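A quick write-up on the structure given underneath.
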Amino acid sequence: MSTDSTAVAARPAAAPNLTAVFVRLKLTLLRNGLRQSAGRTVAYVSSVLVGLLFAAGAVLGLIALRGNVHVGALAVLLTGILTLGWAVMPLFFPTGDETLDPTRLVMLPLRPRPLIGSLLVASLIGIGPVVTLALVTGAVVALADGPAAALVGVLAVVLVVLVCVALARAIATASVRLLTSRRGRDLAVLRGLFIALGAQAVNIAAQKLGRPDGLAVLEPLGDVLRWLPPASAIGAVEATGQGAYGRALAGMALTAIALALLLFWWQRSLTALMTSPDSSTLQAVEKDSARRSGGGEGKLGRLLPGGRTGPVMLRTLRYAWRDPKSKMSWATALGAGLLAPVVSSLQGNGSIYTAFSAPALLGIQMYNQFGQDTSAFWMVASTLATPRDAYQELRARAFTLALVAVPYVTLVSVGAAAFIGPWSDFLQVYGLSLALLGTLIGTGALTSVIFPYSVPSESNKNVAPGQGSIAWFSLFGGFLVGAVLCTPLLGLTIWLHLADLQHLLWILLPLGVLYGTGAAELGLRLAAPRTLKRLPEILAAVSKG
């Protein structure tokens, strides 16, 4: 008896099912996360309700379109958009699902092949997979015609959802070291721009689809997407209902192959992540330091002007590239500046004057120049001994803005003339754009001195508490003054049109260059002595928060 008891005690306990462990882990972490605060619970429940309402509306719309000759193109397009969303979300929202971060598993004795199966199943828990499942099911219901198509549709739904989830996890695993680094986290600041562009795309698509023949415009795109996985699986459902069994088999095969390749890529990335050293090792740091010592920043510094101007320009460019909030501000301005002309062109009723969005959004980057330095501004302030020093500091910052803004405004103006037209208005629009940019640089230098405010680095706010009114006066008041300063050139433009002197409109380009340059220089000259006088107030304002 004692021998049997010893044998039983020595026998190793059966290992728990890995998939069940990860599922319980996911549910436990979600539950504990919701218990942290009432605000987090409300936000999560609200997102679930919004997602379910959106999915329900989309499913009902797809079912209502059942029988429409063009519903197949809409279904495959919807699947393509879902797939794109799953592909980019890990890049723009890297912390959206912290429970499945593979870097937390590297020290556990787990093999990659069974691990990806467990992670894949656990990844199906969440509002994202549920919404995807609902939308894909609605697409299949709208397309399935007959028992064979319904059977293929069930398999298509499973394949599409698995491909979407596997794609997101494979991308997240392959880029996890980038996403957890400083530069990778900076990608998250682009999420606002991504959402804005997506909203405009949805707006344009809704206007196009609202026409009597709206769905017909999707057919060329649908013909392409029917052969791209996982939309090819949805196309296979339609093909089955039409009796095109060969095309249906090919579509399902493409999606199945895509799923297999994604799982293979995911396994390879996970193996590399769990077995290879990362940048935390001394050798990697030394290699990275050696690479940085001979990097492009030194070359850029040699291309910039000498004296105080070059170092200040280089410092400002580094802020724009390294600081997340500065990078977000620049990225939003650059993206939104293109948005107005592009949307106007796609809608077919645009105007070349929408190109003014480029100088307007880039020009306001000059506002609150000292606030972007935050508490580090004291180091800059210690070098400002004379009005000449302040002038050179502000001028170098203006040069940095112009280094980006002038080529950008040129690009947007040329694009607006090419895609919206007419080319006959290009010179006047380009000249007025440069004039507006110059006036905003000049007024931005002044408002940076008169209305400085802090940009907190540790929160999601762009203005420190209690400085909202100051920021409002700085941005909106300064922009309004800059726009008003352009009225002489605008009045000249209107007069030339009314006097039927269109052949003289070309003079607005050189006048715009001279006017913008003069306005910027005047603003810098006026701001320089005021900077020196208000240095203590500026330092106190930008260091707040």
Side-chain angles (χ1 to χ4, degrees), residues 23 26-27 30 33-34 40-68 70-90 92-93 96-97 99-100 120-144 149-150 152-169 191 194-195 197-206 208-210 214-215 218 221-222 225 229-238 255:
V23 169
K26 178 67 177 289
L27 293 174
L30 285 176
L34 294 177
R40 184 166 182 173
T41 303
V42 171
Y44 183 79
V45 173
S46 300
S47 64
V48 170
L49 292 177
V50 171
L52 292 178
L53 288 175
F54 169 76
V59 170
L60 292 176
L62 288 168
I63 295 175
L65 290 172
R66 179 177 171 83
N68 188 292
H70 302 298
V71 70
L74 177 62
V76 295
L77 176 60
L78 177 62
T79 306
I81 293 174
L82 282 173
T83 307
L84 178 62
W86 278 94
V88 301
M89 284 304 141
F92 291 106
F93 299 88
D97 188 359
T99 62
L100 297 176
L120 183 63
V121 175
S123 300
L124 296 174
I125 301 174
I127 183 60
V130 171
V131 172
T132 302
L133 176 64
L135 292 176
V136 176
T137 302
V140 168
V141 171
L143 289 177
V152 173
V154 173
L155 181 59
V157 169
V158 175
L159 284 177
V160 170
V161 174
L162 290 179
V163 166
C164 289
V165 175
L167 176 63
R169 291 304 167 194
R191 67 182 68 174
F194 176 76
I195 293 174
L197 293 174
Q200 287 296 332
V202 171
N203 178 37
I204 295 173
K208 295 287 186 181
L209 297 178
L215 291 179
L218 300 179
L221 183 59
L225 291 177
S232 60
I234 302 300
V237 178
E238 182 183 26
T255 303

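Just so we're clear, the structure is a prediction, and the values are computed from it rather than from any experiment.
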In residues 124-142, what donor-acceptor pairs under 3.5 Å come from side-chain atoms, sequence neighbours left out?
from : atom 1 : to   : atom 2 : distance (Å)
T132 : OG1    : W86  : NE1    : 2.9
T132 : OG1    : G128 : O      : 2.9
T137 : OG1    : L133 : O      : 2.6

Compile the donor-acceptor pairs under 3.5 Å between side chains in residues 56-63 and protein atoms, sequence neighbours left out, one pair per line.
none

Quick one: side chains of residues 154-164, donor-acceptor pairs under 3.5 Å with protein atoms, not counting sequence neighbours, listed by atom name and distance.
none

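For the atom pair CG (L84) and CD1 (I81), the distance works out to 8.0 Å, reported to the nearest 0.5 Å. Residue L74 holds its CG atom at 9.0 Å from OG1 of T79, rounded to the nearest 0.5 Å.
Listed by chain and residue number, P229, L254, T255 satisfy the side chain to side chain contact (heavy atoms under 4.5 Å, CB included) test with S232 (two or more places apart in sequence, or in another chain). The side chain to side chain contact (heavy atoms under 4.5 Å, CB included) search around A166 returns L120, L259, L262, L263, not counting sequence neighbours. Looking at residues two or more places apart in sequence or on another chain, you find a side chain to side chain contact (heavy atoms under 4.5 Å, CB included) between L49 and V45. Checked against side chain to side chain contact (heavy atoms under 4.5 Å, CB included), V121 has the following partners two or more places apart in sequence or in another chain: T19, V23.
Between S123 and R169 the shortest heavy-atom distance is OG-NE, 3.1 Å.
Sorted by first and then second residue, the side-chain hydrogen bond (donor to acceptor under 3.5 Å, both in side chains) pairs involving residues 48-57 (not counting sequence neighbours) form an empty list.
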